[in-house]
Amino acid sequence: MGRGRACWLMKSEPGVFSIENLQAARNQTAGWDGVRNYQARNFLRDDVKPGDRVLFYHSSVVPPGIAGEAVVVREGYPDPTAWNPEHAQYDPNGSPENPIWYMVDVRFVRSCRFIPLDRLRQIPELKNMVLLRRGTRLSVQPVTAGEWRAIRGLPEWANAEIQAAGTDR
DNA sequence: GCCAACGTTGGC
DNA sequence: GCCAACGTTGGC
């Protein structure tokens with residue numbers, strides 16, 4: 001018991017799935033599927049729990065950055081896209097009986113005014129953030145409580161409460 | 001277990 | 001589109 005709510009940062013290419021897509025989804029909830037990296041998989045399978053907060057990061061766009069916040073609503077379970085030959089992330093090595101890849105479900109919480117990567121780099125409290133470490137490519141990564149506080153304290157989140165309330169369901 | 005070759009990520 | 005940095009694969 002009692003580990004509290006952990007914080008994560010999850011990357012998505014907005015052309016594939018953006019925070020707007022999450023907000024527009026049924027119940028503002030969607031599966032975080034398609035992850036095909038073992039370290040990220042281990043987080044999804046073992047460590048990401050319902051109630052955990054998620055920073056929704058838009059990658060492979062100019063500029064990249066944090067677009068908002070989500071919350072985990074379902075813990076890790078086998079990712080069915082892995083054994084769907086039609087799917088871009090199909091992996092013939094797994095099966096429903098022997099799943100390799102895992103996913104979680106997340107729900108939209110709020111958007112923020114976009115926080116570009118460049119700006120994150122300038123924040124002293126984020127100096128050691130996994131995202132900012134050279135060569136890091138992890139698409140699911142832990143965020144410390146201090147990092148979370150520093151990011152959530154930025155003015156980009158102003159009015160986000162109102163926005164979140166206004167977009168409820 | 002080593003490591004070269006190849007594939008992928010993702011900022012720029 | 002480029003390319004640095006990683007991750008994975010597979011021969012040995």
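What you are looking at is a predicted structure, and each value in this text was computed from that prediction instead of being measured. Below, chain A is the first sequence line, B the second, and so on; all start at residue 1.
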Task: Listed partners of A:Tyr38 passing ring pair (Phe, Tyr, Trp, His ring centres under 6.0 Å), at least two apart - done: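 A:Tyr38 satisfies ring pair (Phe, Tyr, Trp, His ring centres under 6.0 Å) with A:Trp101 once adjacent residues are dropped.
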- [ ] Shoot me the first and last contacting nucleotide of DNA chain B against chain A, ordered 5' to 3', at under 4.0 angstrom to non-hydrogen atoms.
- [x]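 In short, chain A contacts DNA chain B from B:dG7 to B:dC12.
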Side-chain polar contacts of residues 121-137 of chain A - donor-acceptor pairs under 3.5 angstrom, sequence neighbours left out - could you list them?
{"residue": "A:Arg133", "atom": "NH1", "partner": "A:Asn128", "partner atom": "O", "Å": "2.8"}
{"residue": "A:Thr136", "atom": "OG1", "partner": "A:Val130", "partner atom": "O", "Å": "3.2"}

Task: Strand-adjacent residues in residues 125-139 of chain A, judged by heavy atoms under 4.0 Å from DNA chain C - done: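 By residue number: A:Arg134, A:Gly135, A:Arg137.
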TODO: Any chance you could pull the hydrophobic cluster mates of A:Tyr77, using side-chain heavy atoms under 4.5 angstrom and chaining through other members?
DONE: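 So far as hydrophobic clustering goes, A:Tyr77 is joined with A:Met103.
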Please set out all donor-acceptor pairs under 3.5 angstrom arising from side-chain atoms of residues 8-15 of chain A, sequence neighbours excluded.
{"residue": "A:Trp8", "atom": "NE1", "partner": "A:Asp52", "partner atom": "OD2", "Å": "2.9"}
{"residue": "A:Lys11", "atom": "NZ", "partner": "A:Leu138", "partner atom": "O", "Å": "3.3"}
{"residue": "A:Ser12", "atom": "OG", "partner": "A:Phe17", "partner atom": "O", "Å": "2.6"}

Task: A:Glu147: partners by salt bridge (Lys or Arg N to Asp or Glu O under 4.0 Å), with sequence neighbours left out - done: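 A:Glu147 satisfies salt bridge (Lys or Arg N to Asp or Glu O under 4.0 Å) with no other residue.
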Task: A:Arg53: partners by salt bridge (Lys or Arg N to Asp or Glu O under 4.0 Å), with sequence neighbours left out - done: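 Counting only residues at least two positions away or on another chain, A:Arg53 forms no salt bridge (Lys or Arg N to Asp or Glu O under 4.0 Å).
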Under 3.5 Å, which donor-acceptor pairs link side chains of residues 56-67 of chain A to any protein atom two or more places apart or in another chain?
{"residue": "A:His58", "atom": "NE2", "partner": "A:Ile19", "partner atom": "N", "Å": "3.1"}

